[in-house]
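Owing to the predicted nature of the structure, the values given are computational and were not obtained by experimental measurement.
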Amino acid sequence: MKPVRIFAALLLGLGLSACAATETATRNASLIADAPAPAAASIRVEEVTVSVPRSLKVSEANRYFPGGDIVWREDGPGDRHVQVQKIVEEAIGAGVTGLDGATPVDLHIEITRFHALTEKARYTTGGVHDIEFMVTLLHPETHQPLGPSHHVDAGFKAYGGQKAIAAEAKGLTQKVRINRHLQGVIRDELTKAGGHKQASLGVYKVFD
């Protein structure tokens with residue numbers, strides 16, 4: 001569901017309840033659905049929630065391509081689901097800061113995959129931060145969805161070898177890069193007609 005459709009559902013859910021007749025509502029719905037996506041100033045995110053389902057499998061295997069849905073090592077041993085939730089909450093919260101328009105919404109993110117690099121890949125080949133999630137806009141009072149959830153593939157290139165070591169020396173850890181990337185991804189999803197555009201991540205480019 002592209003942002004124009006997300007906003008159509010949003011505006012319908014928040015604004016058309018006051019229409020006096022079905023005919024008027026239908027006419028307004030058509031106009032909204034065909035209109036360009038509103039500018040960032042038209043939306044205000046009241047609350048961000050992030051869920052990391054316990055059904056997602058965690059891998060602690062130190063391989064180039066481990067199985068599982070969650071691969072995260074930079075925080076050290078601990079509850080990986082909680083660690084990932086905190087990372088994404090901070091990034092999405094920062095990403096929606098400044099969207100202070102007149103239309104209030106709640107934003108829910110459900111993680112479906114969070115694959116950062118293992119130690120082995122981090123200090124040799126590099127790879128991809130493979131991050132995927134579902135975005136749902138909710139009515140801020142009823143907490144009901146304002147439209148279908150939308151899948152986002154937020155994968156991006158991960159540093160490896162000497163490039164990773166040099167980045168860490170500058171403070172550009174995996175967590176910092178993921179945070180900055182997700183901030184941009186969510187802003188694109190909420191403000192651009194085409195949503196987030198993932199860069200090409202061919203295997204040869206990944207290992208540059």
Side-chain angles (χ1 to χ4, degrees), residues 1-17 25 28-30 32-40 42-58 68-72 80-116 128-156 178-179 181-199 201:
M1 185 179 186
K2 296 300 183 183
V4 64
R5 297 297 176 186
I6 291 176
F7 280 107
L10 162 66
L11 293 174
L12 283 169
L14 292 177
L16 295 184
S17 59
N28 287 348
S30 177
I32 291 169
D34 293 335
S42 67
I43 189 172
R44 181 176 74 254
V45 177
E46 297 283 296
E47 182 180 15
V48 173
T49 56
V50 176
S51 65
V52 184
R54 287 287 165 176
S55 58
L56 296 182
K57 182 180 178 182
V58 175
D69 307 299
I70 296 176
V71 174
W72 178 247
R80 301 304 189 191
H81 294 80
V82 172
Q83 291 173 355
V84 168
Q85 181 182 28
K86 184 176 180 181
I87 291 166
V88 177
E89 280 179 347
E90 291 179 352
I92 299 300
V96 300
T97 298
L99 301 183
D100 296 323
T103 306
V105 298
D106 286 348
L107 177 64
H108 180 68
I109 305 293
E110 180 179 326
I111 299 299
T112 57
R113 186 172 178 83
F114 192 98
H115 244 257
V128 172
H129 293 305
D130 187 2
I131 302 171
E132 300 180 34
F133 52 88
M134 301 298 293
V135 176
T136 309
L137 293 180
L138 305 172
H139 192 289
E141 295 180 1
T142 67
H143 304 294
Q144 294 301 306
L146 294 170
S149 299
H150 172 57
H151 175 261
V152 176
D153 187 338
F156 70 108
I178 289 171
N179 182 291
H181 180 72
L182 291 182
Q183 287 186 43
V185 169
I186 197 61
R187 289 189 73 88
D188 284 352
E189 281 298 310
L190 296 179
T191 64
K192 292 185 177 179
H196 169 65
K197 300 293 187 183
Q198 186 189 28
L201 294 173

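Side-chain atoms of R44 come within 3.5 Å of backbone atoms of G101 as a donor-acceptor pair (strictly under, hydrogens ignored). Judged purely by atom type and a 3.5 angstrom limit, R80 has no side-chain atom pairing as donor or acceptor with the backbone of K57. With H196 contributing its side chain and A154 its backbone, the two residues share no donor-acceptor pair below 3.5 Å. No donor-acceptor pair under 3.5 Å is formed between the side chain of Q144 and the backbone N or O of H139. A donor-acceptor pair is defined here as one N or O able to donate and one able to accept, closer than 3.5 Å; such a pair exists between the side chain of H115 and the backbone of G68.
Sequence neighbours left out, the pairs with a member in residues 129-146 that pass salt bridge (Lys or Arg N to Asp or Glu O under 4.0 Å) are R113-D130.
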Working note: I111 + I70, criterion side-chain contact (heavy atoms from CB on, under 4.5 Å); need CA distance, chi angles, decisive distance, verdict.
CA-CA 10 Å; I111 299 299; I70 296 176; 5.7 Å; no

Test side-chain contact (heavy atoms from CB on, under 4.5 Å) applied to I87 and F114, step by step
CA-CA 11 Å; I87 291 166; F114 192 98; 4.3 Å; yes

Set out, in order, the CA-CA distance, both residues' side-chain angles and the distance that settles side-chain contact (heavy atoms from CB on, under 4.5 Å) for T136 and L138, then state yes or no.
CA-CA 6 Å; T136 309; L138 305 172; 3.7 Å; yes

Pair I109-I186, side-chain contact (heavy atoms from CB on, under 4.5 Å): steps then yes or no
CA-CA 10 Å; I109 305 293; I186 197 61; 4.2 Å; yes

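Of all the heavy atoms in V96 and V48, the pair that sits closest is CG2-CG2, 4.0 Å. Across every non-hydrogen atom of P140 and D106, the tightest pair is CA-OD2, 3.5 Å. Residues V50 and Q85 share a closest heavy-atom pair of O-NE2, 2.8 Å. Annotation for V152 and V135: closest pair CG2-CG2, 3.8 Å, computed over non-hydrogen atoms.
Counting only heavy atoms from C-beta outward, the side chains of I92 and V45 never approach each other to under 4.5 Å. The shortest side-chain heavy-atom distance between L99 and R187 falls under the 4.5 Å cut-off. Within the 4.5 Å cutoff, no side-chain heavy atoms of H181 are placed close to those of H129. You'll find the side chain of F156 reaches within 4.5 Å of the side chain of I178, heavy atoms only.
Partners of E110 according to the side chain to side chain contact (heavy atoms under 4.5 Å, CB included) rule, which considers only residues two or more places apart in sequence or in another chain, are S51, P53, H108, M134. When the side chain to side chain contact (heavy atoms under 4.5 Å, CB included) test is applied to N179, the partners found at least two apart in sequence or on another chain are E90, A91, Q183.
With rounding to the nearest 0.5 angstrom, the CG atom of L137 is 11.0 Å from the OG1 atom of T103.
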